[in-house]
Protein chains: 2
Amino acid sequence: MEATYRALREHGYADLTMRAIAEEYGKTTAAIHYHYDTKDDLLVEFLAYLLDKFLDHVRDIETDDPERRLGDLLDGLLIDREDDYDLVCALLEMRAQAPYHDAIREQLVRNDEYIRDVLRAVIADGVERGAFRDDVDPDAAASALITIVKGARTRFVVLADSSVLHVARDVAGAYVADVLEA
Amino acid sequence: MEATYRALREHGYADLTMRAIAEEYGKTTAAIHYHYDTKDDLLVEFLAYLLDKFLDHVRDIETDDPERRLGDLLDGLLIDREDDYDLVCALLEMRAQAPYHDAIREQLVRNDEYIRDVLRAVIADGVERGAFRDDVDPDAAASALITIVKGARTRFVVLADSSVLHVARDVAGAYVADVLEA
DNA sequence: CCTACCGATCGGTAGG
DNA sequence: CCTACCGATCGGTAGG
């Protein structure tokens, strides 16, 4: 997985070959085929590896306070990513393959739904506990925040400038303040 | 260009070959090399073709009224795109290549700056004419709206559901109403 | 997990 | 713009 990551970073998805991965791995392509039947199997497994890496910053949020928890989540999804340019690029490459590859698309859909569930839960909790307005639709609000997060990461890939992540954090913050809070 | 578009739609960027393009073109690969020296030259030209197609919905906005003009722009960037799934996918594929391909990245940066300029101009005009609050930073506001637009299009590729475009239109509308307007 | 190799296909070109 | 083809490289495998 690490060798695939390095090979992808260097060559890009379109030029990612078993030989390039094997070279990073320090073994032959036959060694890779011993662990994965096909290149496709390897790439599906690799996406799971990337998504797990990505969720690292989302999982370990401690606070129970809805407002603070939502803020920490947005920080984890945006600000904490500024040193992970390679990871964001790799995930966008996989995302661009979704229309042509069912297994990849399904994994990404599941991952996106997971993140939306996490956001929806904290927003619903905030509504219930009076931190957010009681006419807020947690489902719609979660979709809105996800849209902002994804937009920031897509811009980040092309511009390679972490200021787009901070801009998005501000936009998300404004959305929370103006739409969710009273 | 049209043949390349069809071949990309069918095979994806990673499996886009000169032979597949030639087949869609109805000629041989040698015929393509008569017009473009290398596959790379063709792809750079192809991106320009895609971006031009994309800007179609942005160029022909008539009204001068800042609020209405901004609304029309957001409609053009989001709602008008719901029947252009293939175009949005193709552009995301090109975008994912940016880190590995200077000419592609520069074209995308230029395109993004153009759209930001258009948004910034209408927002600045609105501030000047009193339609928007006078403490609005047109530059920051344009970046915010672009982030929302890009997020919607990235989600659209994986989910293939135009509701994400409408959600984003609502989020952008809320931003305009809550942050730009009084 | 390596050596050695397979058939298939790649981008590109010489000659017309 | 076609025919015919080039060297290079692809994903994958047999045998050990």
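Within every chain, numbering begins at 1; the chains are lettered A, B, ... in the order of the sequence lines, protein sequences first and strands thereafter.
Residue pairs meeting the salt bridge (Lys or Arg N to Asp or Glu O under 4.0 Å) criterion with at least one member in residues 26-40 of chain A, sequence neighbours excluded, do not occur.
Rounded to a whole Å, the CD atom of A:E23 is 14 Å from the P atom of C:dC2. Spacing between atom CG of A:D41 and atom P of D:dT13 amounts to 11 Å, rounded to whole angstrom units. Residue B:Y34 contributes atom OH, which lies 17 Å from atom C1' of D:dT3 at whole-angstrom precision. Atom-to-atom, CE of B:M18 to C1' of D:dC10 comes out at 18 Å; the value is rounded to the nearest Å. Protein atom CG of A:D40 is 15 Å distant from nucleotide atom C1' of D:dC10, rounded to whole Å.
Distance CG/A:N111 to CG/A:D52: 10.0 Å, rounded to 0.5 Å.
A:Y36 comes within contact range of no nucleotide atom at all, as no heavy-atom separation falls under 4.0 Å. Within the 4.0 angstrom heavy-atom criterion, only backbone atoms of the sugar-phosphate kind lie near A:T17; the bases stay farther away. Nucleic acid contact class of B:L16 (heavy atoms, under 4.0 Å, all strands): sugar-phosphate only. When heavy atoms are screened at a 4.0 angstrom cut-off, A:I32 is found touching no nucleic acid atom at all. In this structure, A:A31 reaches the sugar-phosphate backbone alone: every heavy-atom distance under 4.0 Å involves primed, P, OP1 or OP2 atoms, never a base.
Under the 3.5 Å distance criterion, with hydrogens and angles disregarded, no donor-acceptor pair is assigned to the side chains of A:Y175 and A:E181. Using a 3.5 Å distance cut-off with no hydrogens or angles, the side chains of A:E10 and A:Y5 do not pair a donor with an acceptor.
Distance from the side chain of A:K27 is smallest to C:dC1 among D:dG11, C:dG12, C:dC1. Of the listed nucleotides (D:dG12, D:dC1, C:dG11), D:dG12 has the atom at the smallest distance from the side chain of A:T38.
Contact between the side-chain N/O atoms of A:T28 and the OP1/OP2 oxygens of C:dC1 is not found at any separation under 4.0 Å. Regarding contacts with the backbone of D:dT9, every side-chain N or O of A:R19 stays at 4.0 angstrom or more from both OP1 and OP2. Look at B:H33 and you won't find any side-chain N or O under 4.0 angstrom from OP1 or OP2 of C:dT13.
Other residues, nucleotides and ligands contribute more than 12 heavy atoms inside 6.0 Å of the OH atom of B:Y49.
Taking the nucleotide of DNA chain C with the nearest heavy atom to each of A:H35 and A:T29, the more 5' of the two is matched to A:H35.
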Would B:R59 and B:D56 satisfy side-chain contact (heavy atoms from CB on, under 4.5 Å), going step by step from the backbone distance to the final call?
CA-CA 6 Å; B:R59 265 188 291 261; B:D56 273 354; 3.1 Å; yes
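Among the duplex regions that DNA chain D forms, those built from at least three successive Watson-Crick or G-U pairs under 3.5 Å are C:1-16 with D:1-16, ordered by first number.
Partner A:L77 forms a side-chain contact (heavy atoms from CB on, under 4.5 Å) with one of A:I148, A:V58, A:L145 and no other, that one being A:V58.
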